[in-house]
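Letters A, B, ... mirror the listed sequences (proteins, then strands); counts begin at 1.
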2 protein chains.
Amino acid sequence: MAKKSVSNVWSQPGSPLYIEVRRQIAEAIRSGEWRPGDSLPSEKMLCERFGVSIGTLRKAVDELTASGVLVRQQGRGTFVARHSQDRYLFSFFHLVGRDGHKEYPEVRFLSLRTIEADDFASHALAVNIGSPLFNISNLLSLRGEVTSVDDIYLPTALFPGLTEERLRTRKTTLYQMYQDEFGISVVRTSERVRGCATTRSQARLLKTTPGAPLLQIIRCAYSFHDQPVELRNSYVNTQYCEYQPDPYVHEHN
Amino acid sequence: MAKKSVSNVWSQPGSPLYIEVRRQIAEAIRSGEWRPGDSLPSEKMLCERFGVSIGTLRKAVDELTASGVLVRQQGRGTFVARHSQDRYLFSFFHLVGRDGHKEYPEVRFLSLRTIEADDFASHALAVNIGSPLFNISNLLSLRGEVTSVDDIYLPTALFPGLTEERLRTRKTTLYQMYQDEFGISVVRTSERVRGCATTRSQARLLKTTPGAPLLQIIRCAYSFHDQPVELRNSYVNTQYCEYQPDPYVHEHN
DNA sequence: CAGTGGTCTAGACCACATT
DNA sequence: ATGTGGTCTAGACCACTGT
């Protein structure tokens with residue numbers, strides 16, 4: 001019964017069938033045949049389409065599910081994952097309540113200025129010293145408690161036409177805006193955390209006292225080819241929240 | 001051919017067979033029947049032992065491989081994972097120099113005591129309030145500068161025979177010791193970071209001043225099946241180092 | 001060569017969701 | 001009742017390893 005039948009898929013010699021099936025499914029999604037939120041044909045149909053058995057088809061779908069491309073729902077079907085704003089947000093946002101629960105932060109826009117890159121910013125953003133940068137200031141709250149003040153630096157060259165009006169009225173996350181309006185996809189972030197003491201101006205914004213301990217989170221966001229696109233300095237009052245990076249899970253092989 | 005046969009494993013109604021097989025393999029490792037580095041019996045032998053088909057057995061082994069408990073080598077066999085010291089260390093150690101370079105910390109053992117679990121520790125470690133815990137204190141240095149004091153809590157039941165002498169003379173990382181001497185493999189950690197002010201006793205150890213800002217890192221380490229095995233409280237002076245979690249990388253396909 | 005893991009088949013029954 | 005994904009079987013051949 002185990003005679004390998006001639007199949008519809010182009011199977012590279014030395015490459016497992018299920019890898020090729022996985023590739024073709026991913027390709028069909030990329031090409032727009034199945035769009036985010038769509039349901040795929042049933043597993044039986046897919047078996048016929050690719051000329052493989054249910055076990056092989058499931059192995060391909062298993063991996064696409066594990067990597068978040070597909071979502072299965074027993075009894076309903078298999079769907080192309082919808083990368084919602086929520087998911088995007090919580091990929092990069094690492095502040096949680098003291099009880100560990102993740103929540104939406106409320107963002108209040110403070111200011112947009114244009115400044116010149118200092119030594120540190122120019123190095124982090126790979127621009128020349130003195131290059132023009134947008135400097136955005138935001139105030140973030142969790143459950144009505146002010147938790148952090150964010151200072152964001154963007155090379156003006158990458159974000160032409162960014163205006164204060166646009167920032168004040170935005171309804172999406174910043175990263176969503178980078179992608180939708182400037183074609184910049186953030187694919188990697190790197191963060192470093194220090195302890196520091198509240199300054200007088202921070203104390204006013206964060207409703208705390210000068211000298212109280214704060215977290216300083218320095219984040220650099222990168223697009224494709226490790227191009228830095230955003231430098232962000234967050235000063236966090238951990239009285240009402242905590243910094244929680246993604247858990248580490250040991251991997252082998 | 002698909003008649004479900006009577007099997008050797010105790011299959012809970014409503015729980016898949018492969019889950020039970022996975023549990024029994026993990027249990028055999030925990031009990032010491034197979035130790036890190038050992039090879040398991042062949043898949044065919046395991047099928048007979050558990051009374052399941054090759055597909056089911058492989059699904060169980062697949063998951064244990066994915067979670068790092070087992071390592072497969074084609075043509076040679078399946079082995080209980082052995083965690084190398086270097087890799088292990090930097091997987092869990094997130095302090096780097098202010099210049100961003102990773103380095104080995106120097107660890108100085110301070111004390112080992114036995115205490116009773118308070119509310120927080122008992123909750124984190126999934127033991128009863130008042131249960132006995134080992135409490136280890138260590139002082140960590142980077143490049144000769146004292147950077148943090150670690151307070152470590154372990155359920156005594158999981159670490160029978162742990163002695164001060166053993167901790168003072170150890171040459172490996174703690175996690176390596178958990179594995180080699182107590183059969184406990186750490187496969188996941190979760191961390192939370194807060195800002196706090198230096199206490200007087202911390203100031204003495206960290207050679208800083210009371211009230212100066214510190215990072216408090218609360219880490220819980222888990223073994224198989226999300227069993228918590230260690231709770232750790234690190235108080236870090238970020239004058240000479242920074243906390244740097246693993247970078248986030250957006251996954252595509 | 002024999003033994004191992006890696007892949008694959010062609011079914012089957014079960015649990016769940018929708019109609 | 002029908003259709004979906006979830007689990008499971010009892011084989012088979014292939015690729016790789018060590019003798």
Strictly below 4.0 Å: does [X] bring a side-chain N or O up to OP1 or OP2 of [N]?
X	N	value
A/Thr78	D/dG5	yes
B/Arg58	C/dG5	no
B/Lys59	D/dT7	yes
A/Ser53	C/dG11	no
A/Tyr18	C/dC8	no

Exercise. Centres of the B/Phe92 and B/Tyr175 rings: under 6.0 Å?
Worked result: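 They qualify: ring centres under 6.0 Å apart.
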
Exercise. Less than 6.0 Å separating the ring centroids of A/Phe93 and A/Tyr104?
Worked result: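 For A/Phe93 and A/Tyr104, the ring centres are not under 6.0 Å apart.
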
Problem set entry | Side-chain heavy atoms of A/Leu46 within contact of A/Thr78, under 4.5 Å |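 With C-beta onward as the side chain, the pair stays apart.
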
Problem set entry | B/Leu167 vs B/Met177 side-chain heavy atoms within contact, under 4.5 Å |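 When only atoms from C-beta onward are counted, B/Met177 and B/Leu167 do touch, with a gap below 4.5 Å.
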
Can you check the [X] [atom1] to [N] [atom2] distance for me, whole Å?
X	N	atom1	atom2	value
A/Glu48	C/dG11	CD	C1'	14 Å
B/Gln74	C/dG5	CD	P	10 Å
A/Leu70	D/dT4	CG	C1'	15 Å
A/Leu57	D/dT7	CG	P	15 Å
B/Glu43	D/dG11	CD	P	17 Å
B/Lys44	D/dA12	NZ	C1'	10 Å
A/Leu40	D/dG3	CG	C1'	16 Å
B/Arg22	D/dC8	CZ	P	12 Å

The side chain of [X] lies closest to which of these nucleotides: [options]?
X	options	value
A/Val52	C/dT9, D/dA15, C/dC8	C/dT9
B/Leu17	D/dT9, D/dG6, D/dC16	D/dT9
B/Pro16	D/dT7, D/dT9, D/dT4	D/dT7
A/Arg72	C/dT7, D/dT9, D/dG5	D/dG5

Problem set entry | Closest-nucleotide ordering on DNA chain C, the 5'-leading residue of A/Ile54 and B/Asp62 |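 Checking each residue's closest nucleotide, the 5'-ward one belongs to B/Asp62.
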
For this session: Between A/Gly55 and A/Arg76, just flag the one whose closest nucleotide in DNA chain C comes earlier from the 5' side.
Result: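 Nearest nucleotide further toward 5': that of A/Gly55.
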
Problem set entry | Distance, nearest 0.5 Å, that separates CD1 of A/Ile218 from CD of B/Glu242 |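 Rounded to the nearest 0.5 Å, the CD1-CD separation comes out at 5.0 Å.
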
